[in-house]
S.K.: 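Take this structure, written in structure tokens, and hold onto it; I'll ask about it next.
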Amino acid sequence: MDFLTRRTLCGVLLLIGACRSGTESMRGKAHINAVPVKPDEPIKNTEDAEIQPADPNQAPIVFDNSSVEPLTLAAEADQSGLPAGFFDEIFAVHKVDGNRTILFGKNKQSWLLDESKQGLLTRLTLDITPPTGTSLYVLENRNFWIIGKNSVAFPSTVPSKDPGQLTLINLAPDLLKDSAEAPRVLYAGPQRLILANEKRANIVVLEGDKARLIALDFPKMGNTPLPIAAAGLMEGTEAFWFLSAERLLLLKKNEEGRWRWVISKFKVDGGAVPALDASHVAMVLSASNDRSFSYVGRTFEMVGGKLFEQNPIKLSVDIKADPAMDPLFIQGVQPLLKNYCSPCHAGYEEFATLKPKAAAYRRLIADGSMPSNLALTAAQIKTLTDYMTKVMAMP
């Protein structure tokens, strides 16, 4: 059944394909204006996302292992190189491979931590606005996930013929409706998404514009499924890890190709930081067999606006690539612009607005023309004019 719908993401023309498990397939076009879509307008089948449910014969086999060494995350990462309040905007931290960790922010942006760059954080941004009631997870190379109560969406790998158009593949599998609440996002990364409700893991695996779905019930303690707090990837294979309060669960296939859970007693040891738990652990595991595994690269946990790990790392922002995050701008210049300029000129405190007007800013501040209704001190004038001179020299 075909249907037509309209949805706008920040002025970007979208082509939305929706697909449900089973035989029903629905597709539509969304436009930025109110001009009705012609009923005979062609709709391309290539925008469909195929859902391949897990084989019902591949029921997980539970293997209960012995205790393993606790994960110790007692060291706090050095945040002195970050702008004040940086972690107030971060809501999740996921490790996508042995070297890269993504810190997901609330304001349509994320931060990439590449361990080969000594703690340097690079901002990942998108100029789109997700629909109300959804969450945006920004990845590298302008990839992303948009996740709502009963839907999952991601950008098509097929370039649009129209530069002003973005193709969005929208999945709405019935399994996302298992719970009255929106699914919890345990992991979001390139080509992999792990969702969960109280009963099961829902894993989306992308292969181009095709999506393969793995849906497996969590093992139970008595009649109650284990409460899962976090999840992630295992290196070099299609396998996944899950954490509950006191157990590590590895999900992988056996020699016959059947999924099974390998369960070990496990805990996160915060040392002098008792608030640490399993809720926001970011790690990649490598397992040679059921009874031995190792951590790949650094392992992090975010709690209380701080990032913890085994060994301290100094985090900093790539100011050369992202001058809007320069602590000098955020802590020294931007507050002056907000207090003295923005009341009359909305948006003048933003770096994107400031940069092309830096020369004019400098001249008007230096000769006293701005601000017109308030007086700056000599120190404030020097702070602003020196910074404008710095911005004028930027490429």
Side-chain angles (χ1 to χ4, degrees), residues 1-33 35 37-38 40-53 94 96-97 100 102 104 108-110 112 124-176 183 185 187-195 202-215 233 238:
M1 176 179 68
D2 291 339
F3 74 102
L4 299 176
T5 184
R6 290 179 176 85
R7 181 179 295 170
T8 302
L9 293 190
C10 198
V12 180
L13 179 62
L14 295 180
L15 182 61
I16 300 178
C19 181
R20 296 179 184 272
S21 57
T23 58
E24 183 181 34
S25 178
M26 299 186 292
R27 303 180 297 278
K29 284 194 173 182
H31 295 258
I32 60 173
N33 53 38
V35 178
V37 181
K38 295 180 180 179
D40 58 350
E41 187 169 1
I43 301 174
K44 298 180 180 179
N45 293 331
T46 55
E47 319 311 335
D48 291 346
E50 294 184 357
I51 300 295
Q52 302 174 15
H94 296 161
V96 298
D97 62 28
R100 296 177 301 155
I102 296 183
F104 292 100
K108 297 189 297 184
Q109 65 182 14
S110 300
L112 174 66
L124 311 172
T125 61
L126 283 175
D127 187 21
I128 65 173
T129 300
T132 302
T134 64
S135 298
L136 175 66
Y137 288 76
V138 180
L139 304 170
E140 295 177 84
N141 303 318
R142 299 188 62 79
N143 288 317
F144 58 88
W145 296 97
I146 295 178
I147 302 168
K149 182 176 179 179
N150 293 315
S151 65
V152 172
F154 58 92
S156 173
T157 59
V158 180
S160 173
K161 295 179 180 179
D162 185 345
Q165 178 175 308
L166 175 68
T167 303
L168 188 67
I169 309 298
N170 188 48
L171 311 180
D174 291 338
L175 64 88
L176 294 179
V185 179
Y187 172 83
Q191 289 82 50
R192 301 289 187 274
L193 177 70
I194 304 177
L195 306 174
N202 301 318
I203 304 170
V204 180
V205 180
L206 297 186
E207 297 166 358
D209 282 3
K210 307 295 183 182
R212 179 161 49 89
L213 193 60
I214 304 168
L233 305 182
E238 186 171 276

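If you read the sequence from its start, that first residue is 1, and numbering goes on from there. These numbers come from the heavy atoms of this one structure, side chains and all, not from hydrogens, waters or symmetry mates.
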S.K.: Testing the basics here: between Pro183 and Gly148, what is the closest heavy-atom pair and its distance to 0.1 Å?
M.R.: CD-O, 3.7 Å
S.K.: Give the minimum heavy-atom separation between Phe104 and Ala188, together with the two atoms involved.
M.R.: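 Result for this residue pair: CZ-O, 3.4 Å.
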S.K.: What are the two closest heavy atoms between Gly189 and Trp145, and how far apart are they?
M.R.: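 Nearest pair, atom of Gly189 first, then Trp145: O-NE1, 3.0 Å.
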S.K.: Which heavy atom of Lys108 sits nearest a heavy atom of Ile128, and at what distance?
M.R.: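 Smallest interatomic distance, heavy atoms only, reads CD-O, 2.6 Å.
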S.K.: Which atom names give the shortest non-hydrogen contact between Leu112 and Glu140, and what distance separates them?
M.R.: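 Minimum heavy-atom contact is CD2-OE1, 3.3 Å.
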S.K.: Is there a side-chain contact between Ile203 and Leu213 (heavy atoms, below 4.5 Å)?
M.R.: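 No; the side chains remain at least 4.5 Å from each other.
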S.K.: Report the residues that fulfil ring-ring contact (aromatic ring centres under 6.0 Å, His included) with Tyr187, sequence neighbours left out, ordered by chain and then residue number.
M.R.: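 Counting only residues at least two positions away or on another chain, Tyr187 forms a ring-ring contact (aromatic ring centres under 6.0 Å, His included) with His94.
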S.K.: About how many Å separate CG of Leu139 and OG of Ser110, when rounded to the nearest 0.5 Å?
M.R.: 7.0 Å
S.K.: Taking the side chain as everything from C-beta on, heavy atoms only, tell me whether Asp97 gets closer than 4.5 Å to Leu233.
M.R.: no
S.K.: Mind checking what makes side-chain contact (heavy atoms from CB on, under 4.5 Å) contact with Thr134, not counting sequence neighbours?
M.R.: Pro130, Pro131, Ile146
S.K.: Which atoms form the tightest heavy-atom contact between Gln109 and Thr125, and what is the distance?
M.R.: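 Residues Gln109 and Thr125, closest heavy atoms: CB-CG2, 3.8 Å.
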S.K.: Do you know which of Val204, Leu206, Val205 makes side chain to side chain contact (heavy atoms under 4.5 Å, CB included) with Arg212?
M.R.: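 The side chain to side chain contact (heavy atoms under 4.5 Å, CB included) with Arg212 is passed solely by Val205 among Val204, Leu206, Val205.
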S.K.: If we only count heavy atoms from C-beta on, is the Phe154 to Leu168 side-chain gap below 4.5 Å?
M.R.: no
S.K.: Can you check whether Phe144 reaches Leu126 side chain to side chain, under 4.5 Å on heavy atoms?
M.R.: yes
S.K.: What pairs with Thr157 under side-chain hydrogen bond (donor to acceptor under 3.5 Å, both in side chains), at least two apart in sequence or on another chain?
M.R.: Asp209
S.K.: Can you find a pair of side-chain heavy atoms, one from Pro190 and one from Val96, that are under 4.5 Å apart?
M.R.: yes
S.K.: Who pairs with Gln191 by side-chain hydrogen bond (donor to acceptor under 3.5 Å, both in side chains), at least two apart in sequence or on another chain?
M.R.: none
S.K.: Rounded to the nearest 0.5 Å, what's the gap from OG on Ser156 to CD1 on Ile169? Could you check?
M.R.: 4.5 Å
S.K.: List in chain and number order the residues that pass side-chain hydrogen bond (donor to acceptor under 3.5 Å, both in side chains) with Arg192, two or more places apart in sequence or in another chain; answer none if no residue qualifies.
M.R.: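 Per chain and number, Arg192 pairs via side-chain hydrogen bond (donor to acceptor under 3.5 Å, both in side chains) with no residue.
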S.K.: Please report the interatomic distance CG(Asn202) to CD1(Ile194), rounded to the nearest 0.5 Å.
M.R.: 10.5 Å
S.K.: Within the structure provided, determine whether Asn143 and Pro155 are in side-chain contact (heavy-atom separation under 4.5 Å).
M.R.: yes
